[in-house]
Amino acid sequence: MVEAQTWTTRRMSNPRLESTAVDIPSTPPGDARVPSAAAAAAASSPAVLTALIIASWYLSNIGVLLLNKYLLSYFGFRYPIFLTMLHMISCAVYSYLAIHGLELIPRQHILSRRQFLKILALSAIFCFSVVCGNTSLRYIPVSFNQAIGATTPFFTAIFAFLITFKRETAEVYLALLPVVFGIVLASNSEPLFHLFGFLVCVGSTAGRALKSVVQGLLLTSEAEKLHSMNLLLYMAPMAALILLPVTLYVEGNVVAITFEKAREGPFIIFLLLGNATVAYLVNLTNFLVTKHTSALTLQVLGNAKAAVAAVVSVLIFRNPVTVMGMTGFAVTIMGVVLYSEAKKRSKVMAR
């Protein structure tokens, strides 16, 4: 063994080095130089959690579309209003458990009759949008449904101008041109085009845009602003109560028909409960993605989701597609991306 010399000992033994003082830090031991497995796991766990949340968001959003399409078009359960009512009941129950049981977020209360009426108005628009979207799946493929749904920014810009007189920059309006052109291209070349399905899907998209504009207009004061999960807690039961008389009037004795199908086999119960649960998970994962990333990330994921859902539905349901239809869909998605970028630039310039 050779006894280790310190730097000071070596410096003092050499007179040429006496005038130079150099402070060399001690070398840490080997176990300190190599990060521990626990530290590495702790550093990577947030990234893993975020990736799992984004994957859950994709699975729930695409899953509810595919389940709705299967129930309404292939399984023979042709009651979109009743199905939407089950979604609303599910959202009400799960929202109550998430806020009161798991305490994911603090509970916010409705403070006035005026605020209650505003939420009721949003619930009515929400009902219209979701019912139209589910109804459209009876008649048109999921891929075409998603192509039409991608035009939401176009309707948002229109309603923002008509209701709030908000003007966008010329760049924003120009970015909307490929959004509209793409959907016209896709519609003209859709092999399974159905006029009624197309119209109710456009109505669903317009309703979704109208809800976002009206929500920003009605719930403006700090006292009336609600967290998205609290807003769902109040909107879902209101929407279910609005839809109950509508489904009984339009779809007949749908409750008895559902029980009759359940007697034939429990698979319908499994499908409806699973479908309603996934419908709530769409809202929950929306909140979680925004919490762990940002609203901008959610917007980007939404743009990609339409394309992913279209591809998955074609692979599962084998509905025919054309090159022109795919091109139109791609042009619409490109227009949505350009619109998002133009909106960001206009906000930066406004500051």
Side-chain angles (χ1 to χ4, degrees), residues 44-74 83-84 86-87 90-91 94-95 98 102 104 126 129-130 133-134 136-137 140-153 179 182 186 201 204-205 208-209 211-212 228-229 232 236 270-319 321 326 329-330 332-337 339-341:
S44 63
S45 58
V48 173
L49 178 61
T50 302
L52 289 174
I53 289 171
I54 291 175
S56 301
W57 182 86
Y58 268 105
L59 288 173
S60 58
N61 274 269
I62 297 174
V64 75
L65 278 170
L66 299 180
L67 283 172
N68 287 346
K69 179 64 178 176
Y70 176 74
L71 275 165
L72 296 169
S73 294
Y74 294 89
L83 184 64
T84 306
L86 292 182
H87 288 181
S90 170
C91 287
Y94 284 122
S95 295
L102 300 178
L104 291 180
F126 186 47
S129 175
V130 179
N134 287 339
S136 71
L137 290 173
I140 61 176
V142 173
S143 54
F144 191 37
N145 172 281
Q146 289 298 286
I148 298 170
T151 61
T152 302
V179 174
C201 192
S204 172
T205 306
R208 187 161 55 246
K211 176 183 170 291
S212 66
S228 59
M229 299 296 289
L232 182 66
F270 170 77
L271 273 178
L272 292 176
L273 288 177
N275 181 259
T277 300
V278 175
Y280 170 73
L281 291 178
V282 170
N283 296 278
L284 178 63
T285 53
N286 278 348
F287 157 65
L288 291 175
V289 168
T290 306
K291 179 182 177 182
H292 287 268
T293 57
S294 66
L296 178 61
T297 302
L298 183 64
Q299 187 179 30
V300 173
L301 291 174
N303 295 339
K305 184 265 295 182
V308 174
V311 172
V312 172
S313 69
V314 170
L315 293 175
I316 292 176
F317 298 117
R318 303 290 181 180
N319 57 281
V321 293
M326 294 169 61
F329 192 7
T332 296
I333 295 296
M334 182 191 70
V336 172
V337 173
Y339 169 82
S340 301
E341 293 297 320

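Along the sequence shown, residues carry numbers from 1.
Proximity of N61 to N286: side-chain heavy atoms (C-beta onward) are separated by under 4.5 Å at one or more points. Between H87 and N68 the shortest side-chain heavy-atom distance falls below 4.5 Å. Counting only heavy atoms from C-beta outward, the side chains of L273 and L86 never approach each other to under 4.5 Å. With a 4.5 Å cut-off on side-chain heavy atoms, N283 and F287 do not count as touching. Between V312 and L65, the closest side-chain pair of non-hydrogen atoms is not below 4.5 Å.
Going from atom CG of L66 over to atom CG of L71 covers 11.5 Å, rounded to the nearest 0.5 Å. Summarising the geometry, atom OG1 belonging to T84 is positioned 9.5 Å from atom CZ belonging to F126; distances are rounded to the nearest 0.5 Å. Of the inter-residue distances, the one linking L288 atom CG with L104 atom CG reads 7.5 Å to the nearest 0.5 angstrom. Expressed to the nearest 0.5 Å, how far CD of Q146 lies from OG1 of T205 amounts to 9.0 Å. Taking OG of S204 as the reference point, atom CG of N134 lies at 8.0 Å (rounded to 0.5 Å).
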### Task
Evaluate the side chain to side chain donor-acceptor pair (under 3.5 Å) criterion for residues S95 and Y280: first the C-alpha distance (whole Å), next the side-chain angles of each, then the deciding distance (0.1 Å), finally the verdict.
CA-CA 8 Å; S95 295; Y280 170 73; 4.6 Å; no
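Of the candidates L137, I148, T151, I148 is the only one forming a side-chain contact (heavy atoms from CB on, under 4.5 Å) with C201. Results of the ring pair (Phe, Tyr, Trp, His ring centres under 6.0 Å) test with F317 over F144, Y74, Y70 single out Y74 as the only residue that passes. Looking at S56, S60, C91 one by one, the single match for side-chain contact (heavy atoms from CB on, under 4.5 Å) with V282 turns out to be S60.
In plain terms, the two heavy atoms of N319 and P141 that are nearest each other are ND2-CB, 3.6 Å. For A150 against V336, the heavy-atom pair with the smallest separation is O-CG2, 3.1 Å. A306 and I333 get closest at one heavy-atom pair: CB-CD1, 4.1 Å. Between S136 and N145, the closest heavy-atom pair is OG-ND2, 2.9 Å.
N275 places no side-chain N or O within 3.5 Å of a backbone atom of L271 that could act as its donor or acceptor partner.
A search for side-chain hydrogen bond (donor to acceptor under 3.5 Å, both in side chains) contacts involving S129 returns nothing, not counting sequence neighbours.
Shown here is M229, whose CE atom has more than 12 heavy atoms of other residues, nucleotides or ligands within 6.0 Å.
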